[in-house]
Amino acid sequence: MPLSNRTLIRLAELIRTQRAERRCRWRRLDPSRQALLVLAHLRNGDTYARLAAGFAIGTSIAWRYVREAADLLALLADDLHAAVSRAGRLAYTILDGTLIPIDRLADERPYYSGKHRRHGVNVQVLADPAGRLVWASPALPGATHDLTAARATGLIDALTAAGVTTFADKGYQGAGCSIRTPFKGHRLRPPLSRHQRSVNRAHARIRSCGERAVATLKTWKVLTRLRCCPHRALTIVQAILVLQLIEEGRYSE
């Protein structure tokens with residue numbers, strides 16, 4: 001796995017502390033092995049059956065180990081208020097939305113994204129000027145528009161109230177004065193001027209760093225296609241966000 005020992009050690013410490021608080025007497029895997037199992041699932045996307053075979057445990061035990069660790073990590077993730085407070089110390093932020101595919105088709109219409117032509121959940125990603133992850137929003141059905149998703153999670157109101165300059169794509173037009181979007185042409189209007197096209201190019205260069213944050217999120221292979229209940233997507237994304245901050249040495253309790 002392309003992860004440092006720091007992430008493995010830190011996750012093992014968190015699991016060990018949780019076990020001590022719960023006074024767990026014995027487990028099939030020690031904290032270090034459980035941490036390795038969890039990272040193999042989240043980073044490499046290994047299935048529970050493969051994990052069970054590799055660690056010589058039952059599939060249900062592997063599922064429980066991953067669920068426990070994900071819930072533990074998700075509790076450590078910043079809430080919206082803390083994330084916006086941290087974003088307020090940056091020169092600007094970059095907002096972008098991404099679709100995380102799912103394999104649950106019971107509620108096809110809400111989770112089907114016409115833009116991507118597949119089922120999934122919509123996650124709003126906030127990045128810093130260097131393209132590093134700052135925060136990821138709760139997951140909403142894939143049919144939700146990016147602007148609607150950002151408003152529903154309270155992200156637009158929080159960024160506007162804090163006065164955080166945020167660069168976003170054309171899908172966020174009308175979000176607010178602090179949300180900067182490019183000029184949008186229309187067939188019934190005059191073509192964009194040279195100045196407007198220049199502004200759009202500069203805006204695109206800045207916003208391209210936000211794609212790096214989305215790509216960083218997608219390096220965790222479990223998000224290639226979630227094979228769990230869509231309501232668990234929030235916990236998994238928050239757990240990955242905490243692990244990524246630990247990996248980059250930017251996590252602070």
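FYI, side chains are in, hydrogens and waters are out, and symmetry mates aren't considered; it's all heavy atoms of this structure.
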With a 3.5 Å distance limit and no angle check, can you tell me whether [X] reaches the backbone of [Y] through a side-chain donor-acceptor pair?
X: Asp30; Y: Ser32; value: yes
X: Asp96; Y: Val125; value: no
X: Ser60; Y: Gly58; value: no
X: Arg6; Y: Ile246; value: yes
X: Arg118; Y: Pro101; value: no
X: Ser208; Y: Arg205; value: yes

Could you measure the distance from the [atom1] atom of [X] to the [atom2] atom of [Y]? Nearest 0.5 Å is fine.
X: Leu245; Y: Arg132; atom1: CG; atom2: CZ; value: 9.5 Å
X: Leu217; Y: Leu241; atom1: CG; atom2: CG; value: 8.0 Å
X: Trp135; Y: Thr93; atom1: CH2; atom2: OG1; value: 12.0 Å
X: Glu248; Y: Thr216; atom1: CD; atom2: OG1; value: 6.5 Å
X: His203; Y: Ser198; atom1: NE2; atom2: OG; value: 13.0 Å
X: Ile240; Y: Leu39; atom1: CD1; atom2: CG; value: 10.5 Å

How far apart are the closest heavy atoms of [X] and [Y], and which atoms are they?
X: Glu247; Y: Pro2; value: OE2-O, 4.4 Å
X: Leu36; Y: Leu8; value: N-CD1, 3.6 Å
X: Pro141; Y: Pro110; value: CB-O, 3.0 Å
X: Arg43; Y: Thr219; value: NH1-OG1, 3.4 Å
X: Ala239; Y: Ala70; value: CB-O, 3.8 Å
X: Ala175; Y: Arg151; value: CA-NH2, 3.9 Å

Under a 4.0 Å threshold between the charged nitrogen and the carboxylate oxygen, would [Y] count as salt-bridged to [X]?
X: Asp169; Y: Lys184; result: no
X: Glu13; Y: Arg10; result: yes
X: Arg27; Y: Glu68; result: yes

Would a 4.5 Å heavy-atom cut-off, applied to side chains only, mark [X] and [Y] as touching?
X: Ile236; Y: Ile100; result: no
X: Leu37; Y: Ile57; result: yes
X: Lys170; Y: Thr181; result: no
X: Leu3; Y: Leu243; result: no
X: Gln18; Y: Leu14; result: no
X: Thr224; Y: Lys218; result: no
X: Tyr112; Y: Arg117; result: yes
X: Phe55; Y: Gln34; result: no

When clusters are formed by joining ILVMFWY residues with side-chain heavy atoms under 4.5 Å apart, either directly or through shared neighbours, do [X] and [Y] land in the same one?
X: Val237; Y: Leu234; value: no
X: Leu223; Y: Val38; value: yes
X: Tyr65; Y: Trp220; value: yes
X: Leu80; Y: Ile94; value: no
X: Val199; Y: Ile179; value: no

- Give the C-alpha distance, both sets of side-chain angles, the deciding distance and a yes or no for side-chain contact (heavy atoms from CB on, under 4.5 Å) between Leu73 and Leu11. CA-CA 8 Å; Leu73 290 167; Leu11 179 55; 3.9 Å; yes
- Stepwise salt bridge (Lys or Arg N to Asp or Glu O under 4.0 Å) test for Asp71 and Arg232: CA-CA 10 Å; Asp71 291 341; Arg232 288 286 299 172; 2.9 Å; yes
- Message: Going by side chain to side chain donor-acceptor pair (under 3.5 Å), Asn122 matches just one of Thr98, Thr153, Asp146. Which one?
- Response: Asp146
- Message: Under the criterion side-chain contact (heavy atoms from CB on, under 4.5 Å), I'd like the reasoning laid out for Ile156 against Leu95: C-alpha separation, chi angles, the key distance, then a yes or no.
- Response: CA-CA 10 Å; Ile156 295 295; Leu95 176 61; 4.1 Å; yes
- Decide side-chain contact (heavy atoms from CB on, under 4.5 Å) for Thr148 and Leu140; before the verdict, give the C-alpha distance in whole Å, the side-chain angles of both, and the deciding distance to 0.1 Å. CA-CA 10 Å; Thr148 303; Leu140 295 177; over 6 Å; no
- Give me the ring orientation class for His41 and Tyr48: parallel if the planes are under 30° apart, tilted from 30 to 60°, perpendicular past 60°. parallel
